[in-house]
Amino acid sequence: ATQLDQNGTSPEKLLAPVLSAFWDEPESWTLATYERHEGYQGLRKALAMAPDDLIAYVKDAGLRGRGGAGFPTGMKWQFIPQGDGKPHYLVVNADESEPGTCKDIPLLFANPHALIEGIVIACYAIRSQQAFIYLRGEVVPVLRRLHEAVREAYAAGYLGKNILGSGLDLDVVVHAGAGAYICGEETALLDSLEGRRGQPRLRPPFPAVAGLYACPTVVNNVESIASVPAILQRGKDWFKSMGSEKSPGFTLYSLSGHVTSPGQYEAPLGITLRQLLDMSGGIRAGHRLKFWTPGGSSTPMFTEEHLDVPLDYEGVGAAGSMLGTKALQCFDETTCVVRAVTRWTEFYAHESCGKCTPCREGTYWLVQLLRDIEAGKGRMSDIDKLNDIADTINGKSFCALGDGAASPIFSSLKYFRAEYEEHITGEGCPFDPAKSTVWA
Ligand code: L3W
Ligand code: SF4
């Protein structure tokens, strides 16, 4: 794990965490602990700048959205019109529910003040007096912790009226969703926050123009906003010294599946899975990597041949996938790929909001075919049918959930078509489910 170094990133920096620096300390989530670790110092620097200069600073730092799409954060803030006489809103997308994705919830649990400080900075920049945190509703302990952190921030003068004497007034509402994956799509999230059934809206207009209550709204991922205080505190050049020119900075990678030590690994963008596995003890003993996802189940899967792909937006994109949420789910040779894809597709079919036909109907039929193949009742023509249905969903659905559902079908057929055929020509699944710890 020592040589990331095509971009001049030193091994020390590689291992120096920022967001997760003190997660292991007792009561890491309290304001007192956060302040002992430079907490709310970035905010002081931000408030000394003019809002437009602050936006330019974050834009210059090159921070890209950590929720999956990698859109430049500063640019998103800049889209908010000024002098329009309308309220502006910041909405933090904490509805983390993509299979394999598990970085925002631990971050909120262990270090909620990094998010709150980032929210104050962002709201100062976009001239917003009201922010919302839309949290996945099932994680009740995190909800409680967020409420407590917000309460602490009000009591210390980091939220409320005239924050740190700057003239900025800001309120934060923590809202728990009701457990629908689609509410992580930014416009469905806004509908849900407004009290309606969460279904994606047509874009454009993007939320920056007409978002919450039809007012200009920035929707950012938890990790994006929580990364801002450190950029202000330590400087944009420090941030840009990590990662690559187009994908600068540090980020959280979530290792899961058949690995010796699953968990969050904070590292500069551009690290490879091989390096992360070297650092973390590798694939479980006696086994070898079969396939993995770079960014959750919606991103096309990779195999062993992609172990040295730089995990940044350009590197993963050039190799035919997406960085997504950096959820590195690793599967060893005991895993049936058809079974894994069936489970994911069942998830998408269940979570499809039903608004558009290709996704609503297509995911249903994909599940039927996959279950048949997995049970040894498939026909060879089913493989082409899977491909055809995925093709009808991909790019023809109303939102990214459809594309996400098609992606594991395409990539598994690309790398493991023979395994599908084996299920059909043999008598079903050639794998012993008893030996699979993930999918049994
Ligand atoms: C103003 C324009 N704003 C784009 C904004 C837009 C959004 C951001 C990115 O999906 C992906 C998806 C999942 N004027 C703009 C503009 N924007 N053009 O930029 O937009 P977009 O459409 O590229 O992506 P998205 O709709 O935000 C996110 C993938 O992430 N993903 C997601 C996983 C799930 C989770 C979770 O569970 N928490 O993150 C994983 O790969 O498939 O492709 O804000 O408004 N002209
Ligand atoms: Fe709903 Fe799926 Fe269509 Fe998205 S793609 S709008 S989730 S039916």
Side-chain angles (χ1 to χ4, degrees), residues 64-81 90-105 107-108 134-136 138-139 177 179-191 197-212 216-224 252 254 293-301 313 316-317 321-329 344 347-364 366 392-408:
R64 297 177 63 168
R66 304 296 197 231
F71 195 85
T73 303
M75 194 184 289
K76 209 184 251 190
W77 295 3
Q78 206 168 40
F79 285 146
I80 299 295
L90 173 71
V91 176
V92 177
N93 187 344
D95 193 47
E96 180 168 72
S97 15
E98 164 94 351
T101 301
C102 52
K103 64 186 180 68
D104 297 333
I105 299 296
L107 172 56
L108 290 171
Y134 188 102
L135 178 69
R136 176 176 182 176
E138 292 98 323
V139 285
Y181 173 64
I182 194 56
C183 291
E185 195 283 335
E186 59 176 10
T187 60
L189 185 156
L190 295 176
D191 263 18
R197 174 179 171 176
Q199 285 194 313
R201 301 174 181 172
L202 191 65
R203 296 184 311 184
F206 286 95
V209 174
L212 191 66
T217 303
V218 165
V219 185
N220 275 149
N221 170 260
V222 170
E223 189 193 341
S224 316
L252 291 168
S254 312
T293 66
S297 58
S298 300
T299 58
M301 66 174 65
Y313 299 97
V316 176
S321 187
M322 284 166 60
L323 188 60
T325 53
K326 302 157 280 105
L328 309 163
Q329 304 173 93
W344 283 330
F347 171 83
Y348 291 117
H350 184 257
E351 296 296 336
S352 169
C353 81
K355 179 164 182 155
C356 70
T357 310
C359 167
R360 184 189 62 239
E361 302 301 318
T363 52
Y364 170 84
L366 286 176
T392 307
I393 297 172
N394 193 39
K396 293 141 195 140
S397 298
F398 195 76
C399 84
L401 187 147
D403 297 346
S407 127

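Just so you know, residue 1 is the first one in the sequence shown, and it goes up from there. Just so you know, ligand 1 is whichever comes first in the structure, and atom 1 is the first atom listed for that ligand.
- The shortest separation from a heavy atom of Ser97 to ligand 1 is under 4.0 Å, placing the residue in contact.
- Distance CZ/Arg360 to CG/Leu401: 13.5 Å, rounded to 0.5 Å.
- Side-chain atoms of Tyr348 and Ser298 form a donor-acceptor pair, as typed in the model, at a separation below 3.5 Å.
- No donor-acceptor pair closer than 3.5 Å links the side chain of Glu98 to the backbone N or O of Thr325.
- Looking only at heavy atoms of the protein, atom 5 (C) of ligand 1 is closest to Lys76 CE, 3.9 Å.
- Protein heavy atom in closest approach to atom 38 (N) of ligand 1: Glu96 CA, 3.4 Å.
- Taking 4.5 Å as the limit, every side-chain heavy atom of Ile80 sits out of range of all side-chain heavy atoms of Val209.
- Below 4.0 Å from some heavy atom of Gly324 lie the following atoms of ligand 1, by number and element: 40 (C), 41 (O).
- For atom 3 (Fe) of ligand 2, the nearest protein heavy atom (residue, atom name, distance) is Cys356 SG, 2.3 Å.
- Distance alone, capped at 3.5 Å, places no donor-acceptor pair between the Thr299 side chain and the Gly324 backbone.
- Here is the list of ligand 2 atoms found below 4.0 Å of a heavy atom in Pro200: 6 (S).
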In sequence, state the C-alpha distance, the side-chain angles, and the governing distance for Arg201 and Glu186, and then conclude on salt bridge (charged side-chain N to carboxylate O under 4.0 Å, His left out). CA-CA 9 Å; Arg201 301 174 181 172; Glu186 59 176 10; over 6 Å; no

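- Of all atoms in ligand 2, listed by their number and element, those nearer than 4.0 Å to a heavy atom of Gly354 are 1 (Fe), 8 (S).
- Side chain of Glu185 to main chain of Pro200: no donor-acceptor pair is present (N/O by atom type, distance under 3.5 Å, no hydrogens or angles).
- None of the N, O or S atoms belonging to Cys399 lies under 2.8 Å away from atom 1 (Fe) of ligand 2.
- Among all non-hydrogen protein atoms, the one lying nearest atom 1 (Fe) of ligand 2 is Cys353 SG, 2.4 Å.
- A donor-acceptor contact under 3.5 angstrom links the side chains of Thr293 and Gln329, judged on distance only.
- Interface atoms of ligand 1 facing Glu98, defined by a heavy-atom separation under 4.0 Å, are 33 (C), 34 (C), 35 (C), 36 (C), 37 (O).
- Residue Gly402 has at least one heavy-atom neighbour below 4.0 Å for each of these atoms of ligand 2: 5 (S).
- In this structure, Asp191 contributes its side chain and Gly198 its backbone to no donor-acceptor pair below 3.5 Å.
- If you number the atoms of ligand 2 from 1 as listed, the ones under 4.0 Å from a heavy atom of Ile182 come out as 7 (S).
- Those atoms of ligand 1 that come under 4.0 Å of a heavy atom in Met322, given as number and element, are 41 (O), 43 (O).
- The side-chain heavy atoms of Val219 and Thr187, taken from C-beta on, include no pair separated by under 4.5 Å.
- Judged purely by atom type and a 3.5 angstrom limit, Thr363 uses its side chain to pair as donor or acceptor with the backbone of Cys359.
- Ligand 2 places these atoms under 4.0 Å from at least one heavy atom of Ser352: 2 (Fe), 8 (S).
- Residue Cys359 counts as close to atom 2 (Fe) of ligand 2, with an N, O or S atom under 2.8 Å.
- Using a distance-only test at 3.5 Å, with no hydrogens or angles considered, no donor-acceptor pair links the side chain of Asn93 to the main chain of Asn220.
- Inter-residue side-chain proximity for Thr217 and Leu90 is flagged as unmet; no heavy-atom pair is nearer than 4.5 Å.
- Scanning all protein heavy atoms for the shortest distance to atom 45 (O) of ligand 1 gives Glu186 OE2, 2.5 Å.
- Within the listing of ligand 1, atoms 40 (C), 41 (O) sit less than 4.0 angstrom from a heavy atom of Gly295.
- Among all protein heavy atoms, the one lying closest to atom 19 (O) of ligand 1 is Phe71 CG, 3.2 Å.
- The nearest protein atom to atom 16 (C) of ligand 1, hydrogens excluded, is given as Phe206 CD2, 3.5 Å; this is a heavy-atom distance.
- The side chain of Pro207, and not its backbone, has at least one atom closer than 4.0 Å to an atom of ligand 1 (non-hydrogen atoms only; side chain from C-beta on).
- Protein heavy atom closest to atom 39 (O) of ligand 1, with residue, atom name and distance, is Gly67 O, 2.7 Å.
- The side chain of Thr299, and not its backbone, has at least one atom closer than 4.0 Å to an atom of ligand 1 (non-hydrogen atoms only; side chain from C-beta on).
- Note: Phe71 and Phe79 have tilted aromatic rings, judged against thresholds of 30 and 60 degrees for the angle between ring planes.
- Within the 4.0 Å heavy-atom cutoff, Thr325 counts among the residues contacting ligand 1.
- Residue contact check: Ser397 has heavy atoms under 4.0 Å from atoms 5 (S) of ligand 2.
- In terms of protein heavy-atom proximity, atom 42 (O) of ligand 1 is nearest to Ala400 CB, 3.9 Å.
- For atom 23 (O) of ligand 1, the nearest protein heavy atom (residue, atom name, distance) is Ala69 CB, 3.5 Å.
- A distance-only check finds no donor-acceptor pair linking the side chain of Ser407 to the backbone of Asp403 [under 3.5 Å].
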